[in-house]
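Worksheet: the structure to be examined is printed underneath.
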Amino acid sequence: MKIQLNTTINDLLVSVEIEQDARLLDVLRDNLGLLGTKEGCGVGECGACTVIINGKTANSCITLAASMEDCDIKTIEYLSKDGELHPMQESFIDNSALQCGFCTPGFVLSGISLLERNPKATTEEIKEGLSGNICRCTGYEQIIKAVEDVRDKKYNKDGASNE
Amino acid sequence: MGRIIGSKTPIDDALAKATGEAIYTGDMKLANMCYGKLILSTIAFGKVKSIDYSEALKIDGVIDVLTYKDFPSDKYNSALRFKDHGIIKSETVVSETVRFVGDRIGVVLAETLEIAEKALKTISVEYEEYTPILDEEEAAVSATNIHEGISNKVATIATGADADKVAELIKSADLIFEDKIKIPMVNQLSIETFSVIGDYRAKKLTIYATTQNTFAIRVLASDVYKMPLNKVVVIQPTLGGAFGGKLEAVTELVAAGASIKVKRPVKIVLSRKESMIASRTRNGATIEVKSGVNKDGTILATDFRILTNTGAYVGSAVNVIGAMSHKLLKAYKYPLRYTGSPVMTNTPIAGAMRGYGSPQAFIGMNLHINRIANELGMDPIEMTMKHLVDKNEVDLLTFGNPELKACVVRGQEMFAWDSKKKEIEEFNNKNKDFTRGIGFGIGAHGAGVYPAHQDCINLLLRLNEDGSFNYWSASHDMGNGSLTAQKMIISEIITTEVADIESTEVNTETCPWNLGDYASRGVFVEGEGALKLALAMKEAILDVAVLKHKVNKEALTLKDKHVYLGNKLLCNFSEIAMYAQKELQKEISVLIDHHSIAGRTSYGAHFAEVEIDKSSGSVKVLDYVAVHDSGTVINRMGIEGQLEGGIQMGLGYALSEKMTFDEKGYLLENNLKKYHLFNSTEMPKIRTDFIETGDNGGPFGAKSISECAVVPVAPTIINAVANAIGKHTTSIPISKEEVLNIINK
Amino acid sequence: MLNYFRPKTINECLDYICDDRVYIAGGTDLLVEMKNGHDLSKNTVIDLTHIPELSGVKRENDEIEIMACTTHDNVVLNKDINQCLRALSSACRSVGSPQIRNMGTIGGSVGTASPASDPMPALMLADGRVVLINKKGETREEGLEDFIVKPGVTTLKNDEMILSIKVKSLKEYKQSFFKIGRRKALAIARLNFAMAILKNDDETIKDIKIVIGAALPVTKRFYDIEKMLVGKKLTEDLIEQVSKEISEQVLAIAGPRKSSEYKIPVIKNVVNSMLKEMEV
């Protein structure tokens, strides 16, 4: 059975007809064309489907879309919607903190989220904050470095490197 | 180090990936597209008696259900690499006889994926069941053949030192050491699962696929569906990791055949579980290794025997065993005899995975030598070093110039092996609850596939009117940065930046021919091609400059995207392109062909420190050093990322990843809750370095990194664990249960 | 799903309760079950995540009430729990990943009755009681040990839902939570432990609480041993004796099974080292 979902996605009020049992991931990808959110495992382990719901990261592959009524959802597309990159994206690019890129949107959002919560996160705290995201390519070193660089304010608000 | 060569350069498509704008196969939608869901066998061995899909057809939105009757029965080998590649054909697009849990029986087609999933649940399959054979040792001697007319033990490759001589030497030694090591299958587990769209229209077939082997998929589709090669197009959109798993045809021919049948684009996306059971794995293996050793630590000879578990179909069986056969011989210089046989079992099909046989072989040798050293009271590094190949004393053509010993020496120094040994002894004497250990391992892997078979690529580069370039390379970048490295090589020669060169996706219709991307060809072969291409482009630019400026070619140089006559600036690249178009009425584009004259060998030496919680057996990796001889480093950022990623994969191989089966052949670790990949908190700090002094004949002297990176990891860790608990172990992966078991014994 | 309801108040929620009801408190388990083929087409799904009064932590003197839909992360961030029940803060911090901690809830964790639940040992440590409300609006309380019957089974009646979990403050106690899980420890077996200890001025034990999870089908508190320890000093011999006794008790209940081979010696070791740490 279909129902109407009214919610806010990337600052836009969205009203979309969805299946009752649809996952948020599928609604984002199939109904709204927000393809940056990926499915890697479907069971909430790999974090490729990470989005930010009401200010906190969540796995959209195990989130019931119907449950998202009146929520504030942000996806990777939110970050550069005005044409400029978020410092975390700049840092991921400069540090080559990505290879195949499939897990990258999830890592970028987790990186932002962990620093918002703990701007002075230590390396260990950064690792913990990224522990819900799996990367099979990089061995995490360059990802951790990318988050550290943002923490160390190597990027100003415009996203340009201060170095 | 050149202007660009050796620098830290981010991967060329980083922007698209960091913004989520990169389009992967699974993101694509074509007009009028429908969705397929595979019907996979739920038994490990048997024959389909009947498939009842009458209920499925009643569901609104179901288009059709296709089974073996709807697909060609022509056999093929999914590991095919080029037209008429003479490897044993044992597969069909879908099968009536099923040989593992996950074997393809058919496909449900529906308007949406959800409907297809719903319909799949209503389909019932009746089987005639046979007893599955799950272990390679059992299958090798079983009277039951998994494939009629093909022995389970598909082939035997024996090479290296003479068998009689090795037997004699072993007999003559002071001591004889024997080890038996069982290694389970593991999964490549790229985070992107397998996806494909087959699109047949107007007698032309286009396949968009998660593949690292487009031209081979083209041949397979052409062979199976009897179409001319120019009517089959295979396209590789952005690839979300592959690690060898996407080398072979998995779902491509199903989507192609289904599209031919229903005349609509058909998309199939495998779930994680389907990707784990129904794609490819790394071969499991049983290794028996026997050496004759003198008391001074000299190994007189080694008899190395391996049975690989190659799964339910022939596929890459012989290729992996063949590639493995000479790797040990390229690392060890004393008499070593290798005998290897791939064995088919009723388990998922094994194929290519990063290292292609080398990880298993080097697990065997490193664990074996480590044990011999321990029992003789020698340092494992000292013992190993006595037997490694020397620089300048090998066949430079096939080996390259090995800097393996230099890697060991440099790594030993970085890791502070000798002082760490003492520190650990002190720590272990003082600490009751924890014990620490250090381990060491070496590895080797090739660069390029020649002389196993042809290894060539054609490349095309165009200078645009504004001075930018387009690059057509059928190099299947899977996130490993091979295209970035190629663009760096081109940039070094024609004095551009990487961003000035735009590459296309791999498309068999628009790109010149290439082999698939395996055997770490991306830099050594394709990069060398790129170098040739750049030199040809430089010549072409200079030729036009000569005509334009009426000057002598010899005095011309390129700098910062301009042509100079001595120190005098003549023109920029845009002016060259415009002059060519207007005055010469031609485009400046160059097409080159390049073939590898030899595969080179890359080397690595790894060092690890582990800490074991004696109360629970938990293993924590504290420190890790890896030093590689990859020849000249092209992209320092890329090579570090590749090596660190290889180490993460190897740590999983040593400590957590495995594919095991119950007695009926069901995969026990069939999702990411059960199949554990190392996350960020489990990673040690990694230190890497590269020995660049070998002169190796690749572009600027470069060889390869990607596969070699993973080879030494697992044995390094297992050796460190053995050192920590003071007992020899060959358990892979070694679980905390096993560690505790050994401690308590 | 036949019916999906997303009430905004507890009262509204009670209206929807029926025999085939399934609750969503965070959804982390339910969606995985759906992915694995669990068919909800004949169920009534009641989504509890939009009921503000079902979320949050209340403290009244020595009693803390954690509303059912409080996420693990909000437990971690809660000051009262940090002050009074640090073992629970640690337990919730060790749940899954940041994403799962942001989604999963205390009520969900208790309601699914998973033997591997991380918060459970810490909740039992604090004499946790489940507060249940039925369709008529009547509430009842039940101790967690009675509420959890076996893996996946509780005494929750069809017309009931979990309102909250009440725990006692252990502010004066020294507390500890320890977990061996798949992550970090790199293997299959999971175990978790929670302990709290309160001492008299003369270093003898005034009160002690010991709970072990994931070793048995249900999380177990060792009351007899706790009682035996009161008034005594934790000497090395006593610690050895206690850890041996606990591991033997687990073995006696679990019986000789494959997983016990690993778990029994580990339980002995970990109890031993945790008690020693408590003593320091």
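Lettering of chains follows the sequences in order, A, B, ..., and the numbering in each one begins at 1.
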More than 12 heavy atoms from other groups under 6.0 Å of [atom1] on [X]:
X      : atom1 : answer
C:D224 : CG    : yes
C:E248 : CD    : yes
B:K685 : NZ    : no

Distance (rounded to the nearest 0.5 Å) between [X] [atom1] and [Y] [atom2]:
X      : Y      : atom1 : atom2 : answer
C:N269 : B:I743 : CG    : CD1   : 9.0 Å
C:I180 : B:S618 : CD1   : OG    : 5.5 Å
B:D433 : C:K276 : CG    : NZ    : 7.0 Å

Less than 4.5 Å to any heavy atom of chain C: does that hold for the side chain of B:N741, its backbone, both, or neither?
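Looking at B:N741, nothing touches chain C.
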With only heavy atoms counted, which part of B:K614 is less than 4.5 Å from chain C, the side chain, the backbone, both or neither?
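Backbone only.
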Salt bridge (Lys or Arg N to Asp or Glu O under 4.0 Å) pairs, two or more places apart, involving residues 713-724 of chain B:
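Checked against salt bridge (Lys or Arg N to Asp or Glu O under 4.0 Å) - neighbours excluded - no pair reaches residues 713-724 of chain B.
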Check whether any side-chain heavy atom of C:V266 sits under 4.5 Å from a side-chain heavy atom of B:K736, and report yes or no.
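No, every pair of side-chain atoms sits at 4.5 Å or beyond.
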Those residues that, when tested against C:Y23, pass ring pair (Phe, Tyr, Trp, His ring centres under 6.0 Å) (two or more places apart)
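Counting only residues at least two positions away or on another chain, C:Y23 forms no ring pair (Phe, Tyr, Trp, His ring centres under 6.0 Å).
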